[in-house]
Amino acid sequence: MCTIFRVQGTTSNERRSHRLRLLWWPGVHLQVHQAASLVNPPADLVITGAEVYCGAPTGTWADAVAVRGDRIVAVGNEAEVRDRVGSAVNALYLPGRMVVAGFQDAHVHPATAGRHRLTVALNEINGRQSYLDAVAQYAAANPDEPWIVGGGWAMECFPGGRPTKDDLDAILPNRPVFLFNRDVHGAWVNSTALEIGGITRDTPDPADGWIERDPRTGEATGALHEGAAYSFNDNVVPAPDQGALEAALLNAQAHLHSLGITGWQDAWVTPETEAAYRAIAASGQLTARVVGALWWDRHRGLDQVDDLLARREAGSVAGVGSFHPTSVKIMIDGVLENFTGALLEPYCDGHGGHTDNAGLAYLERAELAEAVTALDRHDFQVHMHAIGDRAVRNALDAVHTARSANGAGDQRHHIAHIQLVRPEDRARFGELGVVANCQTYWAQMEPQMEELTIPFIGRDRADMQYPFADLVRSGARIAMGSDWSVTTANPLKQMEVAVNRIDPQNRSNAPFLPEQRLTLAQAISGFTLGTAYVNHDDESGSIEVGKRADLVVLDRNVFAAPAAELSDASAELTISSGRVVFERP
């Protein structure tokens, strides 16, 4: 057993004057002793016994860390920390655990994810019948809900990735259903929803998407893609009110905190979502630091820059947590699985030939460069969605144009997803100072990759996917994000794929492009220092004196465990700005 810090005072009243509170933990042993008067006020929290991974560029380790208020005030061995802070109001001795800087997610959708968790959440289940059972159960439990909404279904569970209205009609013939798919680039609806939305065989496809139709009759079959899904959601499905959005954000926050996440960048912030964030921040319920990426409306032009400026100039909201609307999200293309990811060369047909379809660019090259240059001029950070190789190249070209016009600044622009990156474009990330925002969980061989991606991009392009190690080797800075609810929000699962390129649920699989594996230190940095950098949060991301006290306690030292078992670890305690925001029972 290890003796930690001595707390001044021998009587109960004297001890209460120092607000002494002992935190007990499974397997934790703690002793408090009398001490002489101290020069420094007591730390609010001291952790010893655990292995503290500081995560600074040198990757140093320590044995103890102390927190006062929302700041780290001492890091080192126990004697060094004792000399620095003297006593501790709260003391934890955590042998066998690991302390790391709080994880941060560089690309996440808490409003959507929280909304699904409170309605129909299909992400954690798989299979057509399982989806239908979940929808039916929710509908039965909520008979007064006018619409059944939610999402998270996987395309590979349906022939060609396309579900039909008939399945939903069989269980809900008279109540409208709208369910986004897992990547939120398509939706599954029933006949009642189509009728309410006025979609018939004569309804034209939008320019940025399409309605799946029966090739014989032209009738809508129940799948909506890209702009058709977004337009339906925005104009037909009743929007959640602010109270529902606040509840969704708080539900999502609780889940993210349970995974050790203390901050994030929300990659799709509408005015309504922004209002909800501001409300929970002002009320003290937001306990994370959040950067909001304000949504760029691809149907408008540069006239919207003034609106975005007004929203940013309304100011950040500080408090227990904080909200900062300082980024702008631009969707450049779609996804490969529905052939809307923008490619330099056309898609394959899945049978050894090629098509004439090279995907969709929602903003063409010149228009994108103009938008990024305007936003850069106003010191906005630009957060770009780019899946296909043409989208990635156009994004890099746009930043080059902005740099040429405005000079180099500290906006920290980043490109998310970067699924297909040509070798000649990889070094440009580092050269232009563009952060590679990596969704590492996708870099594995799984049914969607095997059935809906590789056959339609071909073997040569398949080998160019998710080149994370090449990006690091070429000098790029990386950050990591989950894209939750598209895939798991668990950073440890994402790190396991980053270092192994294997599905954590099927660890006997062969690695997917193993030459692109990252080290564990690089993966942890992507979820700490990398995302802190993207979020202009230089006060976090590592455990150093003076930085904000964002910490997570893991149940084991993940460096000591086999890489294949990384995601078996879990967060036991999450501390955000010096406050405990999650404790595992």
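Numbers for residues simply follow the sequence, beginning at 1.
Under a 3.5 Å cut-off, the side chain of Asn123 and the backbone N or O of Ser485 do form a donor-acceptor pair. A distance-only check finds a donor-acceptor pair linking the side chain of Thr373 to the backbone of Ala369 [under 3.5 Å]. Of the possible donor and acceptor atoms, one in the side chain of Thr531 sits under 3.5 Å from a partner among the backbone N and O of Met480. Listed for the Lys329 side chain is no donor-acceptor partner under 3.5 Å among the backbone atoms of Ala293. Formation of a donor-acceptor pair under 3.5 Å by the His383 side chain with backbone atoms of His413 is not found in this model. Proximity of a side-chain donor or acceptor of Gln444 to a complementary backbone N or O of Ala498 within less than 3.5 Å is not detected. In this structure a side-chain-to-backbone donor-acceptor pair under 3.5 Å is missing from Gln465 to Leu420. Between the side chain of Asp550 and the main chain of Phe103, no donor-acceptor pair closer than 3.5 Å is present. Side-chain atoms of Asp303 come within 3.5 Å of backbone N or O of Gly301 as a donor-acceptor pair.
In summary, the aromatic rings of His185 and His385 are positioned with their centroids under 6.0 Å apart. Between Trp484 and His255, a ring centre-to-centre spacing shorter than 6.0 Å is recorded. With ring centers used as reference points, Trp295 lies 6.0 Å or more from Tyr230. Aromatic rings of Trp442 and His417 (six-membered ring for Trp) have centroids within the 6.0 Å cut-off, being under it. For Tyr347 and Phe456, the ring centers sit 6.0 Å or farther from each other.
Between the side chains of Gln381 and His414, at least one donor-acceptor pair of N or O atoms lies under 3.5 Å. For the residue pair Glu337/Thr453, the side-chain donor-acceptor check at 3.5 Å is satisfied. No hydrogens or angles considered: a donor-acceptor pair under 3.5 Å links the side chains of Gln419 and Tyr466. Thr340 and Asn338 are linked by a side-chain donor-acceptor pair at a separation below 3.5 angstrom, with hydrogens and angles left out of the test. Checked by atom type, the side-chain pair Ser540/Asp537 shows a donor-acceptor distance below 3.5 Å. Remark: the Asp105 side chain and the Gln265 side chain contain no N/O donor-acceptor pair separated by less than 3.5 Å. Side-chain contact check for Thr273 and Thr270: at least one donor-acceptor pair (N or O, by modelled atom type) lies under 3.5 Å. Side-chain contact, Ser576 with His257: no donor N or O sits under 3.5 Å from an acceptor N or O.
Using a cutoff of 4.0 Å between basic side-chain nitrogens and carboxylate oxygens, Asp389 and Arg461 are not scored as salt-bridged. Taking 4.0 Å as the cut-off between side-chain N and carboxylate O, Arg390 and Glu345 do not count as a salt-bridged pair. Salt-bridge check for Asp70 with Arg579: failed, with every basic side-chain N at 4.0 Å or more from each acidic carboxylate O. Arg289 and Asp266 are not joined by a salt bridge, as no carboxylate oxygen comes within less than 4.0 angstrom of a charged side-chain nitrogen. Remark: Lys547 does not engage Glu539 in a salt bridge, criterion side-chain N to carboxylate O under 4.0 Å. Between Asp425 and Arg422 no salt bridge is recorded (no basic side-chain N to carboxylate O distance below 4.0 Å).
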> Checking salt bridge (charged side-chain N to carboxylate O under 4.0 Å, His left out) for the pair Arg403/Asp376: CA distance, chi angles, key distance, verdict?
Replying inline: CA-CA 8 Å; Arg403 293 278 187 257; Asp376 179 270; 3.2 Å; yes

>> One pair to check against side-chain contact (heavy atoms from CB on, under 4.5 Å): Ser322 and Leu286. What are the steps and the verdict?
In response: CA-CA 7 Å; Ser322 59; Leu286 183 66; 5.8 Å; no

>> Run the salt bridge (charged side-chain N to carboxylate O under 4.0 Å, His left out) test on Arg213 and Asp205 for me, step by step, so that the C-alpha distance in whole Å, both residues' side-chain angles and the decisive distance to 0.1 Å come before the verdict.
In response: CA-CA 10 Å; Arg213 302 174 193 273; Asp205 290 334; 3.0 Å; yes

> When you look at Leu336 and Leu343, which way does the side-chain contact (heavy atoms from CB on, under 4.5 Å) test go after all the steps?
Replying inline: CA-CA 9 Å; Leu336 301 182; Leu343 301 181; 3.9 Å; yes

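Side-chain atoms of Leu360 and Asp333, non-hydrogen and from C-beta on, never get closer than 4.5 Å to each other. At a threshold of 4.5 Å between non-hydrogen side-chain atoms, the residues Tyr362 and Ile332 do not count as touching. Between Asn437 and Ile418 the shortest side-chain heavy-atom distance does not fall below 4.5 Å. Between Val177 and Val189, every side-chain heavy-atom pair lies at or beyond the 4.5 Å cut-off.
No more than 12 heavy-atom neighbours from other residues, nucleotides or ligands sit within 6.0 angstrom of CG on Asp460.
Taking CZ of Arg278 as the start and CD1 of Ile280 as the end, the distance is 12.0 Å to the nearest 0.5 Å. To the nearest 0.5 Å, atoms CD1 (Ile415) and CD1 (Ile330) are separated by 11.0 Å.
Relative ring orientation between Tyr277 and Phe323 is described as parallel, the plane-to-plane angle staying below 30° on a 0-90° scale split at 30° and 60°. Ring orientation note: the planes of Phe178 and Phe180 are nearly perpendicular, at an angle over 60° on the 30°/60° scale.
In this structure, the side chain to side chain contact (heavy atoms under 4.5 Å, CB included) partners of Arg477, at least two apart in sequence or on a different chain, are Val435, Tyr533. Taking Gln522 as the reference, Val472, Leu518, Thr519 meet the side chain to side chain contact (heavy atoms under 4.5 Å, CB included) condition, with sequence neighbours excluded.
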